Asker: 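The structure is given below, and queries will be raised subsequently.
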Number of protein chains: 2
Amino acid sequence: MEEMTIKDVAKKCGVGVSTVSRAINNHPDINPETKKMVMDVIRQMGYVPNNSARNLKRVDAKCIAVLIKGITNPFFSAVIQVIEAEVQKKKYAMVMQHVEAYENELEVALELIKEKRLRGIIFLGGTYYHDPKQLEKLNVPFVFSTIGTVQGDERIRTYSNIAVDDRVESRKMVDYLLDLGHRRIAIVVEGTAAESVGQLRLEGYRDALSARGIDVDENLILEVRDKIDPYSMENGYKTMREFLATETEFTAVFAIADFLAVGVCRALYEAGLRIPEDVSVAGYDGIPIGKFYTPQLTTICQPVEAMAKKTVTLLLDVISGKAEHEHITFPAELIIRESTGKPK
Amino acid sequence: MEEMTIKDVAKKCGVGVSTVSRAINNHPDINPETKKMVMDVIRQMGYVPNNSARNLKRVDAKCIAVLIKGITNPFFSAVIQVIEAEVQKKKYAMVMQHVEAYENELEVALELIKEKRLRGIIFLGGTYYHDPKQLEKLNVPFVFSTIGTVQGDERIRTYSNIAVDDRVESRKMVDYLLDLGHRRIAIVVEGTAAESVGQLRLEGYRDALSARGIDVDENLILEVRDKIDPYSMENGYKTMREFLATETEFTAVFAIADFLAVGVCRALYEAGLRIPEDVSVAGYDGIPIGKFYTPQLTTICQPVEAMAKKTVTLLLDVISGKAEHEHITFPAELIIRESTGKPK
DNA sequence: TAGAATTCTGGTAACGTTACCAATAAATTT
DNA sequence: AAATTTATTGGTAACGTTACCAGAATTCTA
């Protein structure tokens, strides 16, 4: 029962180790009968190849990594599940690692690549723009994809990007609120990080207003406090409470993440304001609880599953040379539910 | 910039590879000056040791795994974060893998151990009881811990267990509802899986009722439909809708997971019932949204962070021989909020 | 039928690291 | 001063796997 190796299997089968290796790895030059016999013995013995040794020898270690910045965002939870299933289907191995907010995701990636000889990386969260010089350090056979954020511009073509056009989608929501008749719309946003999604969504807000010739009142732009875990309910709650204390007039709130919206709703409820009768609240992301919250949340829903799937297939295709890097934009959907309505 | 190895470092330093290895691994027999010089060169070159080669050679590869059954349960999200931080602090490596609902977690573990030469495993979710014969297959230097579930009995002492006493805590909640005056309390439960948390919590329910001489009405035990993803809001919602259609009388609902409770609340709201005026709703877990949901959820809150930390330290101590296996039970807290009140 | 191509096989050298042993120089003891 | 210990060091054999080469057996081609 001890440590079993390929040699033990070979001995038991009465063949060479090469033959066993060929059977395991689906090599073409092997007699089907031999292969079947070997595989049967392997199953019977319960042998599992040692992955470290494999990766050491193999030039084409089939392993990719998923780097997640901000695991707290449960939006990723669903993404990860889909990614994992897809990667497994393609017979790749996968390592997953969280990147702390203060860490540089590229440095973490660099370490990982050398250590584990990765063929590719999927980035979840973090900023969407990286310095080309930094990127070059992640040597050539190397590839990476982003999800959940969109490239702000066309500066870089050395990596793939799967995302929703945050600026456009955000504007869609604000346009909808404007159509309802709202004029004083507060926005809850996280915008310190340069090149962050928060900024893009804020841009969409400005776009919508300026298109109708409405001046942006900077007092209505509510910056969240906690930058470590920016998309939390707590953050939305506190931000809204502080805002209510200022007694600024408003009829709608657009929170750039559903979780923020939940916190906002609670703060409004505690202040005795009804949703949507007194104030309309809109979110962004399409998290499952939006459907079960009362009031149900109006939101922008991203096609999470499709995006996650495409992320994996694209990355794997680029690795195997079957595809070039691509920047793909998925359409999101405006879902109108109970939390928004016409202003009084 | 190519592939850098320990040899390159040795050459650059003008020393043997052994010396470099010693510098990296903090071996005692090395001249501090030499060590400093080598480390400087390493930093300057940006060399990172290849992990596969290390694990291949090393007998004491410092690596543990976290196996998660049911990633959908966001209760784990927080747990994982804490575990990861703690493991990193102790300079261990960690792999994380999800186990599908239909998969046997022990088999997955077995594969992982052989493949990666793990020193230990942390199980999250899944059943709390395993067949001793099965467990023996996970050879000796091997250790595992459970979290989020409690051992039902003392059948096994070959592994550690960190948990809350689900049966006792569950009873605490039901006792509280009984104290308020409720007599017809429905319970939403997932109980098919043998030896599951669901069963334990149901036992607690029965305990509380029978202690007061109240007969358990089986019609009030609501079994959820979806067994793949049992603790979902959807599941709670559907279960409650079906129950409402039966027109059975009740004044309170105890959902054995907060997410189920959220679904229950929504179903009640849609049926025009007020919480807690018409029906009281209680959950279990203490998820963050419980505080921001309206009504705020009465729940049993588990000390997630402390439990996760203890899980890691205990496992690592058992591995290094500093500790014996232990079964530790953490106390949970009954948090009374808006969703429960006296019956009419 | 001889020669060439094809199919299958086993042996062995890597892969990058650490454990172990032996060697040297320096320090200490007798 | 010789003998012993101590502090450093370099060389080399593993670790378990796959890639590559070279054969043996078989089939095909001219």
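Keep in mind it's a predicted model, so treat the numbers as computed, not measured.
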Asker: Of all heavy-atom pairs between A:Val17 and A:Ile6, which one has the smallest distance, and what is that distance?
Answerer: O-CD1, 3.9 Å

Asker: Between B:Ser21 and C:dT18, is there a side-chain N or O to OP1/OP2 distance below 4.0 Å?
Answerer: yes

Asker: Is a side-chain N or O of B:Asp8 found less than 3.5 angstrom from the main chain of B:Met4, in a donor-acceptor match?
Answerer: no

Asker: According to a strict under-4.0 Å criterion, is A:His27 in side-chain N/O contact with OP1 or OP2 of D:dA19?
Answerer: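 Affirmative; the distance criterion is met.
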
Asker: Is there a side-chain contact between A:Val87 and A:Glu84, using heavy atoms and a 4.5 Å cut-off?
Answerer: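 When only atoms from C-beta onward are counted, A:Glu84 and A:Val87 do not touch, as no gap falls below 4.5 Å.
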
Asker: In whole angstrom, give the distance that lies between atom CZ of A:Arg54 and atom C1' of D:dA19.
Answerer: 14 Å

Asker: Looking at B:Asn25, does any N or O in its side chain come under 4.0 Å of the phosphate oxygens OP1/OP2 on C:dT18?
Answerer: yes

Asker: So which atom in B:Glu86 and which in B:Thr313 form the shortest heavy-atom distance, rounded to 0.1 Å?
Answerer: OE2-CG2, 3.9 Å

Asker: Once you round it to whole Å, what is the distance between P of D:dG10 and CD1 of B:Ile6?
Answerer: 12 Å

Asker: Please tell me if A:Tyr47 has a side-chain N or O lying less than 4.0 Å from either OP1 or OP2 of D:dT17.
Answerer: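 Yes.
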
Asker: Between the protein and nucleotides 7-10 of chain C, are there any N/O to N/O pairs under 3.5 Å, and if so, what are the atom names and distances?
Answerer:
{"from": "C:dT9", "atom 1": "OP1", "to": "A:Thr34", "atom 2": "OG1", "distance (Å)": "2.5"}
{"from": "C:dT9", "atom 1": "OP2", "to": "A:Asn31", "atom 2": "N", "distance (Å)": "3.1"}
{"from": "C:dG10", "atom 1": "OP1", "to": "A:Gly16", "atom 2": "N", "distance (Å)": "3.2"}
{"from": "C:dG10", "atom 1": "OP2", "to": "A:Gly16", "atom 2": "N", "distance (Å)": "2.9"}
{"from": "C:dG10", "atom 1": "OP2", "to": "A:Thr19", "atom 2": "OG1", "distance (Å)": "2.1"}
{"from": "C:dG10", "atom 1": "N7", "to": "A:Arg22", "atom 2": "NH2", "distance (Å)": "2.9"}
{"from": "C:dG10", "atom 1": "O6", "to": "A:Arg22", "atom 2": "NH1", "distance (Å)": "3.4"}

Asker: Return the value, rounded to whole Å, for the distance between atom CD1 of A:Ile24 and atom C1' of D:dA19.
Answerer: 14 Å

Asker: Return the value, rounded to whole Å, for the distance between atom CG of B:Asn26 and atom C1' of C:dT18.
Answerer: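 It is 14 Å, rounded to the nearest whole Å.
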
Asker: Quickly, which of A:Leu67, A:Val66, A:Thr311 forms a side chain to side chain contact (heavy atoms under 4.5 Å, CB included) with A:Leu124? Name it, please.
Answerer: A:Val66

Asker: Separation of B:Lys7 atom NZ from C:dT18 atom P, in whole Å?
Answerer: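 About 14 Å, once rounded to whole Å.
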
Asker: Heavy-atom distance under 4.5 Å between the side chains of B:Asn50 and B:Thr5, does that happen here?
Answerer: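 Side chain of B:Asn50 against side chain of B:Thr5, heavy atoms only: no contact under 4.5 Å found.
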
